[in-house]
*Asks:* 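Can you read through this structure? Questions will come right after.
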2 protein chains.
Amino acid sequence: MTRSMSSFDKAMALFGALVAQDGVFESDAMSVQLGVPESTLYRHLNALHSAGLICRSKRGRYLPNPVFLMKLEGYTPHAVLSEIVRPFLDQLSVALETTTHFGILENDMVTYLAKAAFEGEEVFTREKGQLEAYCSAIGKVLLSHMTIDERQAYITSGPFPKLTDKTITDPGEIERELHRTRNKGFGVDDGEVHNALYCIAVPVFSSRGMVVGAISSSSSQRWASPKEQRDRLIQLNGVAQSISSTLGAGA
Amino acid sequence: MTRSMSSFDKAMALFGALVAQDGVFESDAMSVQLGVPESTLYRHLNALHSAGLICRSKRGRYLPNPVFLMKLEGYTPHAVLSEIVRPFLDQLSVALETTTHFGILENDMVTYLAKAAFEGEEVFTREKGQLEAYCSAIGKVLLSHMTIDERQAYITSGPFPKLTDKTITDPGEIERELHRTRNKGFGVDDGEVHNALYCIAVPVFSSRGMVVGAISSSSSQRWASPKEQRDRLIQLNGVAQSISSTLGAGA
DNA sequence: CAACTACTATCACAATGTGATAAATGGAGA
DNA sequence: TCTCCATTTATCACATTGTGATAGTAGTTG
């Protein structure tokens, strides 16, 4: 991790900064931002250009090369993510003897990108299916990592249907639950989506701390003991971290 | 162009190959394909990974990093292309004293991504607007650079409405016209879309010879002499080449 | 279990990236 | 048109990095 950065990483850091700033390049500001001397920045800029990653629009503006973008058109983050995550879910499902999911947030709903079923445990979810976020374990985790503004917008967006008699539907109560979820570092759905469905979920981070999605363990019966739940969480977090490191170092 | 490739270029060449081959990496085949020894390839592979461009799916399979893809989600090839091309069109419009366009092929129709109007020359087209390909200058150029199969599919897809009395509508005749267009290297619309609209167009290539789009010069009156037309073509081609080199070396 | 291929590790050498400095180019405004 | 300022290119001595041959490990397939 702390091994010497290759020239490649440095140039890609510049690319990342450019993309994040809508192509605006101010040499002195960028220099302090990235901790790289200006002369080196221009060399990196040229490297990015000759590699076909960026092209110059006007003075001080560099955009991702459209030809490069076209090459990536066949790939969607969702499709790739689900392919990457699937083997991890399979392994986890065997280890925990439960069904496991990987989900992301999309339009305030949870979308399941991958599912590994554990035989004997029928779970009604399906891949690419959507679920309410406020009551599912994965949803709680993802909502709890939103910015304050985003979360506020979600909380006031209601209404929140009562799916079971355990479903939390009061906005204030939901907000507190999300706060607890964030503090604990994992989300719990204690029969709040479906009477016979109990889940716990933990976040999957990208290497720079952004939340990419969450993985969960779902069972038709409640976990027997606190110890058992703790055990599952450890395994979930282990796998989450494996996924993170598979995703690598980029943003 | 032939100056020594930076390590960056070589690694990005590997990335390009991976993307083009759906992530499949066979070290010996890739080695001969790129002319790079295997040990170096694996170093590049690791560089791409640690820079966050790719991640490992399974043995021998490397996919674009979904986190990286997400960062690029705000950029579409079309939007970037039109921004890149616009200043060139403006300049060309002044030089030729005609309206100029940049268009690409989309679902067998020409889509105009950018337009630079020349005052006094009213042209009915608008940016993001679509036009039939078989009778417009830009369309002819783009169709003429399709693969044989694609072109055949287009020719048989008909029907081809007769927009003016000069419009070529017979499939066989269209095919011959496309063949002529390809051989000449430029396309002509001699009032075939609209009675008072005369255009010539030339292709814009990416640095590896792929056709990205085409630029055209449109006028409400026919060019006076062959010499004048030749002159316009020279300027069109010059600008097309400028755009190509702005797009850079990738793919 | 055998054969194969993906993948990692090491090392001496050379190529390439580095950053300070200086100079040129181009665009916005007076 | 001229001035000013930020962007951009050019140069150079130095040291960090990349290179590729070789050898060895590990995971997969039959």
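Each chain gets a letter, A, B and so on, in the order the sequences are listed, and its residues count up from 1. Below, all heavy atoms of this structure are taken into account, side chains as well, without hydrogens, waters or symmetry copies. Treat the numbers as computed from the prediction; the structure is a model and nothing was measured.
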*Asks:* Determine the minimum heavy-atom distance between B:V110 and B:S136, stating which atoms define it.
*Replies:* CG2-OG, 3.7 Å
*Asks:* Once side chain to side chain contact (heavy atoms under 4.5 Å, CB included) is applied, do any residues pair with B:A240, and if so which ones, sequence neighbours excluded?
*Replies:* B:V202, B:V204, B:I215
*Asks:* For the pair made of NZ in A:K58 and C1' in C:dA28, what is the distance, rounded to whole Å?
*Replies:* 12 Å
*Asks:* Nearest to the side chain of B:Y62, heavy atoms from C-beta on, is which of C:dC7, D:dG18, D:dT9?
*Replies:* C:dC7
*Asks:* Measure from the side-chain heavy atoms of A:E38 and tell me the nearest of D:dT8, C:dC7, D:dT9.
*Replies:* D:dT8
*Asks:* Atom CG of B:L45 to atom P of C:dC7: distance rounded to whole Å?
*Replies:* 7 Å
*Asks:* Phosphate oxygens OP1/OP2 of D:dT8: is one of them under 4.0 Å from a side-chain N or O of A:Y42?
*Replies:* yes
*Asks:* Please list, in numerical order, the residues of residues 84-95 of chain A that have a heavy atom closer than 4.0 Å to any atom of DNA chain D.
*Replies:* none
*Asks:* Would you kindly compare A:F8 and A:G60 by the position of their nearest DNA chain D nucleotide and give the one closer to the 5′ end?
*Replies:* A:G60
*Asks:* Show the distances under 3.5 angstrom between N or O atoms of the protein and N or O atoms of nucleotides 3-5 of chain C.
*Replies:*
from: C:dT5; atom 1: O2; to: B:R59; atom 2: NH2; distance (Å): 2.7

*Asks:* Under 3.5 Å, is there a donor-acceptor pair linking the side chains of B:T98 and B:S217?
*Replies:* yes
*Asks:* Partners of A:R61 by salt bridge (Lys or Arg N to Asp or Glu O under 4.0 Å), sequence neighbours excluded?
*Replies:* A:D22, B:E83
*Asks:* Between the side chains of B:D90 and B:S93, is a donor N or O closer than 3.5 angstrom to an acceptor N or O?
*Replies:* no
*Asks:* Near DNA chain C, which residues from residues 16-23 of chain B have a heavy atom under 4.0 Å away?
*Replies:* none
*Asks:* Looking at B:R61, does any N or O in its side chain come under 4.0 Å of the phosphate oxygens OP1/OP2 on C:dA6?
*Replies:* no
*Asks:* Check whether the side chains of B:D9 and B:S6 place a donor and an acceptor atom closer than 3.5 Å, and report yes or no.
*Replies:* yes
*Asks:* Under 3.5 Å, side chain of B:S244 to main-chain N/O of B:F205, donor-acceptor pair present?
*Replies:* yes
*Asks:* Assess whether atom NZ of B:K58 is packed by more than 12 heavy atoms of other residues, nucleotides or ligands within 6.0 Å.
*Replies:* no
*Asks:* D:dT7 C1' sits how many Å from A:R56 CZ, rounded?
*Replies:* 8 Å
*Asks:* CG of B:N46 versus C1' of C:dT8: gap in Å, rounded?
*Replies:* 9 Å
*Asks:* Using the salt bridge (Lys or Arg N to Asp or Glu O under 4.0 Å) criterion, which residues pair with B:R86? Sequence neighbours excluded.
*Replies:* B:E127
*Asks:* Just to verify, what does A:R43 make a salt bridge (Lys or Arg N to Asp or Glu O under 4.0 Å) with, not counting sequence neighbours?
*Replies:* none
*Asks:* Do other residues, nucleotides or ligands put more than 12 heavy atoms under 6.0 Å from A:Q241 CD?
*Replies:* no
*Asks:* Output the rounded distance in Å from CG (B:D9) to C1' (D:dG18).
*Replies:* 14 Å
*Asks:* Restricting to non-hydrogen atoms, name the atom on A:G16 and the atom on B:K71 that form the minimum distance, rounded to 0.1 Å.
*Replies:* CA-NZ, 4.0 Å
*Asks:* Do any side-chain nitrogens or oxygens of A:K10 fall under 4.0 Å of OP1 or OP2 in C:dT18?
*Replies:* yes
*Asks:* Could you work out, with side-chain hydrogen bond (donor to acceptor under 3.5 Å, both in side chains) as the rule, every residue matching A:E150, not counting sequence neighbours?
*Replies:* A:T147
*Asks:* Atom NE2 of B:H44 to atom P of D:dT17: distance rounded to whole Å?
*Replies:* 16 Å
*Asks:* What residues, two or more places apart in sequence or in another chain, satisfy side-chain hydrogen bond (donor to acceptor under 3.5 Å, both in side chains) together with A:T99?
*Replies:* none
*Asks:* Polar-atom pairs under 3.5 Å, protein N or O versus N or O of nucleotides 20-22 of chain C: list them with distances, or write none.
*Replies:*
from: C:dA20; atom 1: N7; to: A:S39; atom 2: OG; distance (Å): 3.4

*Asks:* Any sub-3.5 Å donor-acceptor pair from A:N65's side-chain atoms to B:L247's backbone N or O?
*Replies:* yes
*Asks:* The side chain of A:F25 lies closest to which of these nucleotides: D:dT8, D:dG18, D:dT19?
*Replies:* D:dT8
*Asks:* Under 3.5 Å, is there a donor-acceptor pair between the side chain of A:Y62 and the main chain of A:V19?
*Replies:* no
*Asks:* Axis-to-axis angle across the helix from C:dC1-D:dG30 to C:dA30-D:dT1, five pairs an end, to 10 degrees?
*Replies:* 80°
*Asks:* Does OP1 or OP2 of C:dG19 have a side-chain N or O of A:T40 closer than 4.0 Å?
*Replies:* yes
*Asks:* Return a table of donor-acceptor pairs under 3.5 angstrom between the side chains of residues 32-42 of chain A and protein atoms on other chains or two or more places apart.
*Replies:*
from: A:Q33; atom 1: OE1; to: A:Q21; atom 2: NE2; distance (Å): 3.0
from: A:E38; atom 1: OE1; to: A:S27; atom 2: OG; distance (Å): 3.2

